[in-house]
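Keep in mind that this is a model prediction, so the values were computed, not measured.
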Amino acid sequence: MALSSPSSIATGDLIFVAPPLSRSDPLDRAILAVGAATLDWLREHSLPTHSNATATHVAIAWRNASGGLHLLQATPPAVTLTPADAFWRDVPSGTHFYHATLTSPPMRRARGAAVAAALAQRGKPYSSSFAPPPAAFYCSSLVDFAFHEATGVAHPFTPVPFTLLFVPQEFWREYYARLNVSVPWNATGTNPTLLLHSPAVSFTRLDDEALGARAAWGRASAQAARSVHWQDFGASPLASTSEA
């Protein structure tokens, strides 16, 4: 896969986070299962996936008048605008980032309006239960909502609605029991892997070396990193991100 430079990131582009996951950890196993099930769903709906890449978090890029890069993201406790250097830094060692651009002309024209819609949600709470917008947001729901508002298209990233995937079921039963709510088995929504492989985007991996002296900045602890970037991999609220 060709590598992308951070200097090529434009307002309205999407940045995906893919931290290392361990099959020995129950949460990580659930995240991996949701990612694999999402890839299966895409293929079952004849939507091409060009790799088995999965993501646990997604954010919208915004450049200010001086060209400074920030990322709009829904992470606990709320929707925030994060400087890029902090975004790159607050992840565990071994994390990869993917840079996605919008491929359809209508979506590309809507980037500015989508960013404005996302900016207007700053301060709204994170949706730990993956409830739909606009009262609260999880990471991919913020992106989907912003482009829905900008384009007027009900499902801007997929041709059909996506039913959230809760696998393995026992893990999510326990997760939602801790929230004192029922598992929303038939709820529709999104997740980062779904958006990563959407026909509306094209993605490349960001060049780690071009992100700056990321290794020298140090890394967040695994627990802190989960609270920042592992809280939203779509239908996967993190028990502690990689998203859902």
| field | Those residues that, when tested against His70, pass ring-ring contact (aromatic ring centres under 6.0 Å, His included) (two or more places apart) | value | Trp62
| task | May I ask you to decide if Thr188's main-chain N or O and Thr163's side chain share a donor-acceptor pair within less than 3.5 Å? | result | no
| said: Using the rule given for ring pair (Phe, Tyr, Trp, His ring centres under 6.0 Å), can you reason through Phe203 versus His197, listing the C-alpha separation, both sets of side-chain angles and the distance that settles it, and then say yes or no? | reply: CA-CA 8 Å; Phe203 71 91; His197 292 280; 5.5 Å; yes
| Minimum heavy-atom distance between Arg111 and Gly12, given as atom pair plus value | CB-CA, 3.9 Å
| Any donor and acceptor pair, going by atom type alone, linking the side chain of Tyr138 with main-chain N or O of Thr190 inside 3.5 Å? | yes
| query | How are the rings of Trp172 and Tyr175 set relative to one another: parallel (under 30°), tilted (30 to 60°) or perpendicular (over 60°)? | reply | perpendicular
| Just how far is it from atom CZ of Arg109 to atom CG of Leu102, taken to the nearest 0.5 Å? | 11.5 Å
| said: side chain to side chain contact (heavy atoms under 4.5 Å, CB included), that's the test. Do Ile15 and Trp88 meet it? Break it down for me. | reply: CA-CA 10 Å; Ile15 302 299; Trp88 309 138; 3.9 Å; yes
| Whether His45 side chain and Trp41 backbone form a donor-acceptor pair below 3.5 Å | yes
| task | Answer whether the closest heavy-atom distance between the side chains of Thr54 and Leu196 falls below 4.5 Å. | result | no
| said: Quick check: do Val201 and Thr101 have side-chain heavy atoms less than 4.5 Å from each other? | reply: no
| query | Which of parallel (below 30°), tilted (30 to 60°) and perpendicular (above 60°) describes Phe87 and Phe97? | reply | tilted
| task | Check the pair Thr193 / Phe16 against side chain to side chain contact (heavy atoms under 4.5 Å, CB included), numbers first and verdict last. | result | CA-CA 9 Å; Thr193 295; Phe16 293 84; over 6 Å; no
| field | Minimum side-chain heavy-atom gap His96-Asp208 below 4.5 Å | value | yes
| request: Might you point out which heavy atoms bring Ala136 and Ser127 nearest each other, and give the distance in Å? | output: CB-CB, 3.9 Å
| message | Nearest 0.5 Å, please: how far is CD in Gln121 from CG in Leu72? | response | 10.0 Å
| request: Go through the steps to decide whether Leu206 and Leu211 satisfy the test side chain to side chain contact (heavy atoms under 4.5 Å, CB included), and finish with yes or no. | output: CA-CA 8 Å; Leu206 277 172; Leu211 294 178; 4.2 Å; yes
| Is the backbone of Pro134 close enough, under 3.5 Å, to the side chain of Lys124 for a donor and an acceptor to pair up by distance? | yes
| Results of salt bridge (charged side-chain N to carboxylate O under 4.0 Å, His left out) for Arg43 - residues two or more places apart only | none
| task | Please check if the side chain of Ser66 supplies one atom and the backbone of Gly68 the other of a donor-acceptor pair under 3.5 Å. | result | no
| remark: Shortest non-hydrogen pair, Ala110 vs Ala150, comes out as O-CB, 3.6 Å
| query | Is a side-chain N or O of Thr151 found less than 3.5 angstrom from the main chain of Phe147, in a donor-acceptor match? | reply | yes
| query | Between the main-chain N or O of Pro199 and the side-chain N or O of Thr103, is there a donor-acceptor pair closer than 3.5 Å? | reply | yes
| Quick one: NE2 on His57 to OG1 on Thr95, what's the gap to the nearest 0.5 Å? | 11.5 Å
| query | Just how far is it from atom OG1 of Thr49 to atom CG of Leu42, taken to the nearest 0.5 Å? | reply | 6.5 Å
| Can Val153 be reached from Phe157 by stepping across I, L, V, M, F, W or Y side chains whose heavy atoms are under 4.5 Å apart? | no
| note | Taken in chain and number order and not counting sequence neighbours, the residues that satisfy salt bridge (charged side-chain N to carboxylate O under 4.0 Å, His left out) with Glu170 are Arg173
| request: Check for a donor-acceptor pair, side chain of Arg63 on one end and backbone N or O of Ile9 on the other, with a separation under 3.5 Å. | output: yes
| field | Under 3.5 Å donor-acceptor, Ser198 side chain and Ala200 backbone | value | yes
